[in-house]
There are 2 protein chains.
Amino acid sequence: MSHQDLQLLSHDCGSCPIRHRAVCARCDADELQQLEQIKYYRSYQAGQTLIWSGDRMDFVASVVTGIATLTQTMEDGRRQMVGLLLPSDFVGRPGRQSAAYDVTAATDLVMCCFRKKPFEELMSKTPHVAQRLLEMTLDELDAAREWMLLLGRKTAREKIASLLSIIARRDASLKLRATKGVVTFDLPLTREEMADYLGLTLETVSRQMSALKRDGVIGLEGKRHVKVADFDRLLEETGDDSDGGFLN
Amino acid sequence: MSHQDLQLLSHDCGSCPIRHRAVCARCDADELQQLEQIKYYRSYQAGQTLIWSGDRMDFVASVVTGIATLTQTMEDGRRQMVGLLLPSDFVGRPGRQSAAYDVTAATDLVMCCFRKKPFEELMSKTPHVAQRLLEMTLDELDAAREWMLLLGRKTAREKIASLLSIIARRDASLKLRATKGVVTFDLPLTREEMADYLGLTLETVSRQMSALKRDGVIGLEGKRHVKVADFDRLLEETGDDSDGGFLN
DNA sequence: CTGTCGCATTGACGCAGATCAACTGGATTG
DNA sequence: CAATCCAGTTGATCTGCGTCAATGCGACAG
C-alpha cells in the first residue's frame with residue numbers, strides 16, 4: 001500500500017493508465033513498448049483467492065480496479081492481514097520464486113499482469129523500472145511500519161478510527177479537499193476483514209463502530225456506508241499526531 | 001531487517017566487507033571505486049539517538065558493527081519499535097528528504113555512511129545498486145509483515161519465543177548448524193526494548209521470560225545470557241509453522 | 001409471504017495482559 | 001562498606017478485549 005496522490009491516476013498514458021504509473025512513471029517510449037508486449041489482464045470475483053502462500057509465481061502485476069488483500073494465516077487459523085492493495089498498487093516480487101502471502105479479492109478485481117521473466121530482464125536493463133519499484137516498495141514499508149504501531153500500541157477505538165481515516169484518505173481524497181472535511185464513502189471490507197486488518201475480533205470491531213456512531217464521530221447508513229461530518233474529529237480519535245500534514 | 005545468511009558476512013571484499021555486501025554485492029570495480037569516494041565512518045555509544053524522526057537526512061548508511069533500532073512514538077509516549085538493524089542492514093531512503101523514525105544505538109555502533117546526493121546519482125546510473133537495494137527493501141518488507149502477524153495475533157509467550165528465535169537465528173546461525181539445536185547468545189536488548197519490539201509491557205516480558213525458564217524451554221544465566229538447549233522446542237512455542245524451512 | 005443464508009449487532013462473562021507497587025541483586029560511587 | 005542507582009523480578013489488582021451465545025436484518029429463493 002502506498003500513500004500516493006490519487007490525482008495522478010487521471011494521468012492517462014495509454015490503454016491502461018494505472019499500470020503505467022505503477023511501474024514506469026518515468027519510462028521512455030521504448031520501455032513502454034516492451035511492457036506492452038508482456039502484459040495481459042485478468043479479472044477475479046469478490047472473495048476469490050488469486051494466489052496461495054507458497055504458490056510458484058510466474059508474473060508480477062498491478063491492481064487496475066478493485067481491492068485485494070494480503071493475509072497470513074497461522075496453523076490454528078488465526079489470521080492477520082498484512083497488505084491492502086488498492087488501484088495502482090503492485091503485487092509480486094521480482095527475484096522471488098514463490099508467493100509469501102495469500103492474495104484475495106476483497107471486491108471484484110481487475111489486474112494487469114506482466115510475465116515475470118521478461119519483466120525481470122527489462123528491470124536489469126533499465127534503471128527506471130527498478131528505481132520506480134524501489135520507491136513503491138519503500139512506500140509500502142512505511143505503511144507497514146505505521147501499521148505496526150497501530151497493531152502494537154493502539155486501543156481498539158484508535159485502530160478503528162485509523163482504518164476509517166486511511167480508507168477515507170485513499171478512497172475520497174479529492175472529495176475531502178473540496179468539502180472541508182465532510183466525506184462519505186463505502187467500506188470495501190466486511191467486519192471480519194476489518195478485524196483481520198486491525199488485529200481484533202469482528203465483535204470488537206462492531207462494538208467500536210457502534211460506539212463511534214453513538215459519540216457522533218461517524219454516521220452509518222446501512223452496514224457499509226460511512227459518513228464523516230468532521231474529518232479532524234476523526235483524526236483526533238486515531239491517536240496520531242494532529243493531521244500528519246495531510247490537509248495542510 | 002533481512003533474512004540473509006550470515007555466512008556471506010565472511011566474504012571479505014575490501015576494507016569494509018559488510019558495506020560491500022549491503023549495497024553492491026554485484027558491483028563491478030568501477031562502481032566500487034565510486035562508492036569508496038563517498039563513504040565515511042561514524043561511531044556511536046549505546047543509548048545514543050543518531051537520528052530523530054523528521055530530521056533532514058543527507059546520507060544513507062549501513063551498519064558495520066553493533067545494533068540499532070527504529071522506533072515510532074505517539075504523543076502520549078507509547079512507543080513501538082518498527083525496525084531492528086543488525087550488521088549489514090541498511091538505513092536511509094534514497095529519494096526521501098527526511099527521516100521517518102527515530103534511530104537509536106542499542107549497543108555501541110559503527111556505521112558506514114554514504115553521502116546521499118552522489119549515492120543517488122550512482123543509483124540512477126547503474127542498475128546494480130538500485131536492484132540490490134530493492135532486494136534488501138523487499139527483505140525488510142517481508143520481515144515487517146511477519147512482525148505484523150506477531151503484533152496482531154500472537155500471545156505474549158509466542159511473542160517472546162519468536163523474538164528469541166529471531167535473535168538466535170541472526171546472532172548464532174552458524175553455531176546453530178554446528179551444534180544441532182543447542183545455542184547460547186546474549187540478548188542485545190533490555191526488557192523494555194524487547195517490550196517495545198513486541199507490543200507488550202516490560203513486566204509481561206519479564207514474567208514470560210521467567211515462565212519459559214521455569215518450563216525448561218530456555219536457560220538464563222544472569223539477565224542477558226540465554227541458553228537454548230533444544231531450538232526446535234523453542235520454535236514450537238513461536239506458533240509459526242514448524243521450522244519454516246530454516247534447519248532443513 | 002415465509003424460510004434461510006450471510007453479515008452484523010448486542011449481551012454476559014472470563015481472562016490475558018496492563019497497571020501500580022514493592023522488592024532484589026549486581027555495579028558504581030564516595 | 002554503606003549509599004545510590006538501574007535493570008530486572010514478582011505480587012496484587014484492574015480492565016479492555018476475547019469468547020460464547022442469542023438476536024436482528026436485508027437479500028434472495030421457492
Side-chain angles (χ1 to χ4, degrees), chain A residues 45-48 69 74 76-80 104-107 150-164 186-215 218-226 237 239, chain B residues 45-47 69 74 76-80 104 106-107 150-164 186-215 218-226 237 239:
Chain A
Q45 292 174 357
Q48 209 178 343
T69 63
M74 294 170 66
D76 61 6
R78 280 176 281 174
R79 246 198 299 161
Q80 176 64 50
T104 308
T107 65
L150 177 149
L151 290 170
R153 296 303 188 190
K154 289 190 178 179
T155 64
R157 174 182 262 246
E158 288 169 340
K159 286 178 176 182
I160 298 284
S162 300
L163 176 55
L164 292 177
D186 283 306
L187 283 172
L189 304 176
T190 65
R191 297 289 184 265
E192 188 172 17
E193 287 166 332
M194 292 174 68
D196 285 342
Y197 185 110
L198 300 170
L200 297 170
T201 59
L202 67 93
E203 292 95 332
T204 299
V205 170
S206 184
R207 269 186 257 273
Q208 295 297 335
M209 291 286 286
S210 301
L212 287 174
K213 180 182 177 186
R214 174 169 38 70
D215 299 346
I218 60 171
L220 278 175
E221 288 159 23
K223 283 117 183 4
R224 297 296 195 88
H225 194 73
V226 179
E237 298 281 352
Chain B
Q45 291 175 357
T69 64
M74 295 170 67
D76 60 6
R78 280 176 281 175
R79 247 199 295 162
Q80 177 63 51
T104 308
T107 63
L150 176 148
L151 289 171
R153 297 302 187 190
K154 289 190 178 179
T155 65
R157 171 181 265 244
E158 288 169 341
K159 287 179 175 183
I160 298 284
S162 300
L163 176 54
L164 292 178
D186 282 306
L187 282 172
L189 304 176
T190 64
R191 297 290 184 265
E192 187 173 17
E193 287 166 332
M194 293 173 67
D196 286 342
Y197 186 110
L198 300 170
L200 298 170
T201 59
L202 67 91
E203 291 95 330
T204 299
V205 170
S206 183
R207 270 186 255 274
Q208 295 296 335
M209 290 285 287
S210 300
L212 287 174
K213 180 183 177 184
R214 174 171 35 73
D215 299 345
I218 60 171
L220 278 174
E221 288 158 24
K223 282 109 179 26
R224 298 291 197 91
H225 194 73
V226 178
E237 298 281 351

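This is a predicted model, so every value here is computed, not measured. Below, read A as the first sequence line, B as the second, and so on, with proteins coming before strands; counting in each chain starts at 1.
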Rounded to the nearest Å, what distance is computed from the [atom1] atom of residue [X] to the [atom2] atom of nucleotide [N]?
X        : N      : atom1 : atom2 : answer
B:Met209 : D:dA7  : CE    : P     : 16 Å
A:Leu220 : D:dG26 : CG    : C1'   : 16 Å
B:Met194 : D:dA7  : CE    : P     : 15 Å

Does OP1 or OP2 of D:dT10 have a side-chain N or O of B:Ser210 closer than 4.0 Å?
->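 Indeed, a polar side-chain atom of B:Ser210 lies that close.
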Taking the side chain as C-beta and beyond, is there a heavy-atom pair between B:Leu220 and B:Leu212 under 4.5 Å?
-> no
Kindly indicate whether the side chain of B:Arg224, heavy atoms from C-beta on, has any atom under 4.5 Å from the side chain of B:Thr190.
-> yes
Could I get the full list of side-chain contact (heavy atoms from CB on, under 4.5 Å) partners for A:Ser210, not counting sequence neighbours?
-> none
Who passes side-chain contact (heavy atoms from CB on, under 4.5 Å) against A:Glu221, sequence neighbours left out?
-> A:His225
Its contact letters, B for base, S for sugar-phosphate only and - for none at protein heavy atoms under 4.0 Å, make nucleotides 13-19 of chain D read ----SSB
So what does A:Arg78 touch, heavy atoms closer than 4.0 Å: a base, only the sugar-phosphate, or nothing?
-> nothing
Reckon A:Ser206 touches a base, only the sugar-phosphate, or nothing at all at heavy-atom distances under 4.0 Å?
->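 Base contact.
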To the nearest 0.5 Å, how far apart are CE in A:Met74 and CZ in B:Arg153?
->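 If I round to the nearest 0.5 Å, the distance is 10.0 Å.
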Between CG on residue B:Leu163 and CG on residue B:Leu198, distance to nearest 0.5 Å |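 One finds 5.0 Å between CG of B:Leu163 and CG of B:Leu198.
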Which nucleotide span of DNA chain C, 5' end to 3' end, has atoms closer than 4.0 Å to non-hydrogen atoms of chain B?
-> C:dG17 to C:dC20
Is the shortest distance from a Lys or Arg side-chain nitrogen in B:Arg78 or A:Glu158 to a carboxylate oxygen in the other one below 4.0 Å?
-> yes
Looking at B:Asp196 and B:Arg79, does any basic side-chain N land under 4.0 Å from a carboxylate oxygen?
->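 The answer is yes: the pair qualifies as a salt bridge.
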What side-chain donor-acceptor pairs closer than 3.5 Å can you find for residues 199-209 of chain B, not counting sequence neighbours?
from, atom 1, to, atom 2, distance (Å)
B:Thr201, OG1, B:Thr204, N, 3.3
B:Thr201, OG1, B:Thr204, OG1, 3.1

Measure the angle between the two terminal helix axes of the helix from C:dC1-D:dG30 to C:dG30-D:dC1, five base pairs each, and quote it to 10°.
-> 20°
Passes side-chain contact (heavy atoms from CB on, under 4.5 Å), B:Lys159 versus B:Met194? Steps please.
-> CA-CA 10 Å; B:Lys159 287 179 175 183; B:Met194 293 173 67; over 6 Å; no
Nearest heavy atoms of B:Gly152 and A:Leu151, plus distance in Å = CA-CD2, 4.1 Å
